[in-house]
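Notes for the one structure printed next.
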Amino acid sequence: MNTLAVFLLSALPLSAGWAVHVWWLRGVLNTARRDPLTGLVTRDGFTRRATVLLKDSRAVVVLADVDRFKQINDTFGHAAGDALLQATAERLAHHTGPRGVAGRLGGDEFAAVLIDDHGTAGDLLAVLHRVLARPVDGQDPAVRTTVSLGWVRAADFPADDLSALLRRADEAMYVAKQARTGTHRAGLGRLFATLAGRRAGRFGTRPAAPVVGVAA
């Protein structure tokens, strides 16, 4: 047996061990980027995938916020609240599709980026709004609520990064929640000032932030 063959054979255990380690490490990282309750990607995983998807001009950014979530928790208990979040996540991920990404940003707030091939995002999200309002399987039929959806087409704001688009979708979601319309598309206007990426008026922001930005 020549020297090269001996070297290759001796290296096999090392390479096999390294391959197993890499596989294990990828599994650990994937788990760390998954929300343990809903199975959706967390903010970090969402940001990574969404940033790639935004290179597609057909990308649509969606922000979803569960209405009356505290009331569900207070009335039916945290188990019912968890079941509602799980159902919301599953339905959102289904409508986002395998080409997009859905993530849980925290609490009862979710985000998604989907690829709108046919320019029908408005219709799709109207359907999703109705689906999200259905009772939760296996729970008391009263464990249900609506989910307000704000959305924005990335192509409408080509200079915006993911953070700015999420802020626009957040403002649109707030309009939908206040008007009880279910969904609302971000218009071509200004972004309101935020603190730590939150819209003025939401928890953790200054109550009277001035309008900033350049008109689109």
Side-chain angles (χ1 to χ4, degrees), residues 34-43 45-47 49-50 53 59-116 120-154 162 165-187 197-199 201-204:
R34 292 279 173 180
D35 173 53
L37 176 64
T38 65
L40 295 183
V41 292
T42 58
R43 183 182 292 270
F46 173 79
T47 299
R49 177 61 179 153
L53 290 173
V60 171
V61 177
V62 182
L63 196 82
D65 193 83
V66 179
D67 301 322
R68 301 185 296 107
F69 181 68
K70 184 178 184 302
Q71 182 180 333
I72 294 292
N73 264 342
D74 292 345
T75 304
F76 299 99
H78 290 287
D82 287 349
L84 178 60
L85 292 178
Q86 289 169 333
T88 299
E90 181 180 354
R91 295 164 182 176
L92 178 62
H94 176 76
H95 280 72
T96 300
R99 296 170 58 203
V101 63
R104 183 184 181 195
L105 301 186
D108 59 341
E109 187 175 71
F110 300 84
V113 175
L114 56 91
I115 302 301
D116 184 18
T120 56
D123 295 334
L124 172 68
L125 294 174
V127 171
L128 174 60
H129 177 259
R130 293 193 293 270
V131 169
L132 291 173
R134 293 175 182 170
V136 178
D137 293 340
Q139 297 289 319
D140 185 319
V143 181
R144 60 189 296 180
T145 186
T146 54
V147 177
S148 296
L149 303 170
W151 61 283
V152 57
R153 289 191 184 280
L162 175 62
L165 290 170
L166 281 171
R167 286 169 58 194
R168 293 187 188 277
D170 183 50
E171 290 176 2
M173 182 277 297
Y174 184 72
V175 172
K177 189 180 288 287
Q178 293 297 102
R180 298 182 180 180
T181 56
T183 69
H184 188 79
R185 178 180 178 180
R198 307 294 290 173
R199 184 188 62 250
R202 301 194 75 177
F203 179 77

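This structure is a prediction, so every number in the text was calculated from the model and none was measured.
- Between Thr42 atom OG1 and Arg34 atom CZ the span is 9.0 Å, to the nearest 0.5 Å.
- For the residue pair Asn73 and Gly81, the shortest heavy atom distance occurs at OD1-CA, 3.3 Å.
- Here the closest non-hydrogen pair linking Arg99 and Leu53 is O-CD2, 3.3 Å.
- Minimum heavy-atom separation, His129 to Thr183: CB-CG2, 4.0 Å.
- Smallest separation of non-hydrogen atoms from Ala111 and Leu92: O-CD2, 4.2 Å.
- Once rounded to the nearest 0.5 Å, the distance linking CD of Gln178 with NE2 of His184 reads 12.0 Å.
- In this structure, Asp116 contributes its side chain and Ala121 its backbone to a donor-acceptor pair below 3.5 Å.
- Counting heavy atoms from C-beta on, the side chains of Leu40 and Phe46 never come closer than 4.5 Å.
- Of all the heavy atoms in Val143 and Ala80, the pair that sits closest is CG1-O, 3.9 Å.
- Crowding of Glu90 atom CD: a count of heavy atoms from other residues, nucleotides or ligands under 6.0 Å not exceeding 12.
- Of the possible polar contacts, none joining the Arg49 side chain to the Val41 backbone as a donor-acceptor pair under 3.5 Å is found.
- For Ala154, the side chain to side chain contact (heavy atoms under 4.5 Å, CB included) criterion is met by Leu54, Ala59, Leu165, not counting sequence neighbours.
- Annotation: the span from Ile72 atom CD1 to Arg144 atom CZ amounts to 10.0 Å, rounded to 0.5 Å.
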Run the numbers on Leu37 and Gln86 for side-chain contact (heavy atoms from CB on, under 4.5 Å), then give the verdict.
-> CA-CA 7 Å; Leu37 176 64; Gln86 289 169 333; 3.3 Å; yes
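- Rounding to the nearest 0.5 Å gives a distance of 6.0 Å between CG of Leu105 and CG of Leu63.
- Taking OG1 of Thr145 as the start and CZ of Phe69 as the end, the distance is 10.0 Å to the nearest 0.5 Å.
- Annotation for Val113 and Ala50: closest pair CG2-CB, 3.7 Å, computed over non-hydrogen atoms.
- A donor and an acceptor atom, one from each side chain of Asp123 and Thr120, are nowhere located under 3.5 Å apart.
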Show your working on side-chain contact (heavy atoms from CB on, under 4.5 Å) between Phe110 and Val66 and close with a plain yes or no.
-> CA-CA 9 Å; Phe110 300 84; Val66 179; 4.2 Å; yes
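- Of the residues listed (Val147, Thr146, Asp67), the one engaging Lys177 in a side chain to side chain contact (heavy atoms under 4.5 Å, CB included) is Asp67, and it is the only one.
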When you look at Leu85 and Arg104, which way does the side-chain contact (heavy atoms from CB on, under 4.5 Å) test go after all the steps?
-> CA-CA 9 Å; Leu85 292 178; Arg104 183 184 181 195; 3.5 Å; yes
Might you work through the side-chain contact (heavy atoms from CB on, under 4.5 Å) test for Leu124 and Leu114, ending with a clear yes or no?
-> CA-CA 10 Å; Leu124 172 68; Leu114 56 91; 4.0 Å; yes
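- No donor-acceptor distance shorter than 3.5 angstrom exists from the side chain of Arg185 to the backbone of Trp151, with no hydrogens or angles considered.
- The CZ atom of Arg43 sits 7.5 Å away from the CG atom of Leu166 when rounded to the nearest 0.5 Å.
- A donor and an acceptor atom, one from each side chain of Asp65 and Ser148, are nowhere located under 3.5 Å apart.
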